[in-house]
Every structure is written in structure tokens, then in C-alpha cells.
Amino acid sequence: MANSLFHKNIISISELSKDDLELIVHTAQELKAHPRNDLLKDKLIASCFFEASTRTRLSFETAIQRLGGRVIGFSDAGNTSLAKKGETLADSIRIITSYADALVMRHHREGAARLAADVSKVPIINAGDGSNQHPSQTLLDLFTIYETQKRLDNISIAFVGDLKYGRTVHSLSQALCHYNAKIFLVSPESLAMPEYILDEYEANNIEYHIVNTIEEAIKEVDILYMTRVQKERFDETEYRHLRAKFVLTPESFAGAKPNLKVLHPLPRIDEITLEVDKTPYAYYFQQASNGVYARQALLSLVLNEEL
Amino acid sequence: MAEKTQLQVEAICNGSVIDHIPAGNGLNILKLFHILDNHERITVGFNLPSKALGHKDIIKVENVSLTEAQTNQLALFAPNATVNIIKDFRVVEKRTIALPEKITEVFACPNSNCITHVEHAAISEFKIINNNGKIQLKCKYCEKVFNKEIIIDGVKK
């Protein structure tokens, strides 16, 4: 029987069932423990970054090449003739997907990947569409939570920083609704978690608490998920005042559980001080390298009926 | 009483009557549902007295029977509207309006960065969510969720 993700488009985390998520996490774990170099043999994957994203692109392309696949594509639409000639995105996708076995794409407009899936005959993997979805980031987050906590159920997690615009915290929140998570939200008032996410927590009976400081949550959580508060959203005085409240230092860990791990989608700027890197709680660099395994799992499952 | 008000707009022989439209929404419905596109005769009444609504609009389209899907898409604008199908000057079917599961090709997405604003192949489609009586629409493309009022206000501007 074909696996449940075979030939599926991966556009939005909300379309993946609990079973799908676990299949990907377990496959990532398996591929990390026992690397394979044959799962994408004879497969050609288009990697089209209409908007530049060096880390995500290199992570996907590493995943493809490590599995024995080959890559065509571009790292920035500015380097292509597509934009200059005025071709529609739908036409570009029709052509590119007629060359390849799957398409990994990033685009600055929300919904671009869904449109691509409408017109493509091969699977589309969304590597970020504007502020909307970035499902492979959520999958690597889930894999890292599983790797560090040995479970996904009943995790206690604090989301810190920009919870309004941060799509990673929205998507991870949606995924954790399957797992009875306990959630702490720590953000400036003007960057609070949107109402529709709080509605989803309530619809799924997820316990959540809005707190003012990291210290209020630190003793309870297994995962501290940091995000960047972008300077340009505030005037300078306000930013300086806020910054202190949402910066993680070694002192922030007083009373923390021994199993606590700090995650961050990166890039970090100054919200996690360099001293934190040396603590046993820091796990964001391992999280970033897990991106390759999560993406290997995703590509393998989408392009192979059975593994 | 309803009978008397309806006759303020000339009766039609065959077609559809959309009645009990909240006053001010008649023009939007004509425009959004492309009712003017088929060159059939249309008679309208605006700001007619109505016992239930105070004032109402009414639209009568000759020789066109609205489909059930079209009828249900009216629900967002005019939840209490009625659609009657007329044959030989008689009402042969009274439709009540139910919220549809999705609404296509009617509203533009309020999110200015949604792909639907730049690509003709991305045809507007919203899933309707009834969140404990709060009606919300979720764009198929950008996945943003909007309260009904935001979408309808966008149309009126």
C-alpha cells in the first residue's frame, strides 16, 4: 500500500493529519540514524526560489543530493528571465513542472504554492509563501521536539517574541493542537498571537496562558521557542525597552527543567545572547541541521510509494 | 402584506425573484452575482417598505432560474432573503437560503498580498466557517481568515 503522502502536495501544515506528521517524524529519525543515498535516485527536483532564502534552499538541496537526486532551479527570481518577460506564475509553473518530478518553491505572495498545485501535474512542496505557510519548518520543529523529549504528546512549550507575524509559531501551534500541548505565550502586546490561533486552541481544548516574561514560564516548559522581535516594527525607545524583556540570557534559566531545550527558527540577531550557546539548553543549531532530515523524509515519502 | 409589497415591482412570467434583501444591498448583488451579464430583462425595486426589515430591495430576473449554489451564495449578504422560482406567474418553488460550504468567484480577498490579486488563474474561493455563530471566510490561497463584515465592507467601498 502506498504511504499516505505519496504524490501529495505539501502546501499547508493544516492539511497533514496526525498520522502524516508522525510518519514524517519517524522517517526523519530513521534517515538520521541510517542515512540512505538511493531514495531519490533518478529523480530530478526543481528548486525554485522566486524569493531568496539561502538557509531553506540549501537545506532542501542538501536533502535532495544526499538522497541521490538531482536539482535544477534558481535561487532568486531576479536572476531569471521569468519576471522580466512578464510571464504569469501559473505558466512558469506549468513549464517547470513538465521538466521535473517535483517542485520545491518559495514565493513572496501568500497562496502562490496553492496556485502552483492547481496547475501542476507533479507534487508541489511549499518552502514558504509570504507570511502564510512554511510546512517543512514545522516538520523539522516537530522532529526536534520529538528527538529532544522522546514524545510529542503533552509537551509544555513557551512561544516568545513576535507571535503576530511569525508564521513558524502559527504553524507549529496548529500542529501541536493534535498533541494536547500546554502553551505559554510571551510577547509585546502589539505582537500578540492572533485571535484565530487562540480560537483554534480553544476549539482543540488546548490549555494556554498569556504571560509577560520568560521567567514566568521557564519552570514549567519543556521547549522554549524563541523568535525575533523585528526592530523595524517599533520606534527606537520602545524597542530598547522591549528588547530587554524578550532576550534570553543564561540567567533566564533559573529553575528550568533539566530536559528544557531552546529552539529558534533562525536567524537570531540578539534575542539569544552568545553565552546561551554554551548552556545545555541550546538546541537551535541542531534544530537547523535537523531541517535536512525532515526535508529528506518529506521528499522520500512524496516521491516513493514505499520506503 | 408580502404579496402587496412584491407587486410594487411588476410581476414576471418566468424566472427568479430575490426578495427581502436588506436595503442597500440590491446593487451589490446585481454586480457580484453577474446578474446583469445575461441580457435578460431585470426589474428591481430599492428601498421598498417592508414589515420585517423596515426597507428592503427586490430583484426579479426573467427566464433565469437561480441554481441552488447561487441561492446559497446570497446568504452572506442577505441571510434572510428568499428566492422564489416563478413559472407562468406562479411561485413553483420557494427556496430558503442556507450558508454554503464555499463561495467562489464572488469576493476579492482583503489580503493585498494574496496571489489572487496578480494571477488570473487563481480564482477567488473562500471556505465558510461558522464559529459559534460568528461567520468567517477562509481564503483558499492565502489561508487568511476574515470576519464576514470585513469582506462585505470591502465590496461596498
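By convention in this document, chain letters (A, B, ...) are assigned in the order of the sequence lines, proteins followed by strands, and residues within each chain are numbered from 1.
- At most 12 heavy atoms of other shown residues, nucleotides or ligands fall within 6.0 angstrom of atom NZ in B/K102.
- Counting non-hydrogen atoms of other residues, nucleotides and ligands closer than 6.0 Å to NZ of A/K8 gives a total above 12.
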Run the side chain to side chain contact (heavy atoms under 4.5 Å, CB included) check on B/H120 and A/T88 step by step: do they pass? CA-CA 9 Å; B/H120 292 302; A/T88 64; over 6 Å; no
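- Of all heavy-atom pairs spanning B/E119 and A/L89, the tightest one is OE2-N, 2.5 Å.
- Note on A/R114 versus B/E143: salt bridge recorded, some NZ/NE/NH1/NH2 to OD/OE distance being below 4.0 Å.
- One N or O on the side chain of B/N113 and one on the backbone of A/H108 form a donor-acceptor pair closer than 3.5 Å.
- A/K18 NZ: more than 12 foreign heavy atoms inside a 6.0 Å radius.
- Chain B forms more heavy-atom pairs under 4.5 Å with one residue of A/I11, A/D118, A/D129, A/D91 than with any other, namely A/D118.
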Step by step, work out the side chain to side chain contact (heavy atoms under 4.5 Å, CB included) result for A/E110 and B/I115. CA-CA 6 Å; A/E110 288 103 49; B/I115 193 76; over 6 Å; no
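- Note that SG of B/C139 and CG of A/N132 are 9.0 Å apart. Values are rounded to the nearest 0.5 Å.
- Of all heavy-atom pairs spanning A/S131 and B/K144, the tightest one is OG-NZ, 3.2 Å.
- Annotation: maximal heavy-atom pairing with chain B below 4.5 Å, among A/A203, A/S14, A/A90, occurs at A/A90.
- Other residues, nucleotides and ligands contribute more than 12 heavy atoms inside 6.0 Å of the NZ atom of A/K182.
- Taking OH of A/Y196 as the reference point, atom CD1 of B/I129 lies at 11.0 Å (rounded to 0.5 Å).
- Taking chain A as the reference chain and counting heavy-atom pairs below 4.5 Å, the highest number among B/V145, B/I123, B/N111 is found for B/N111.
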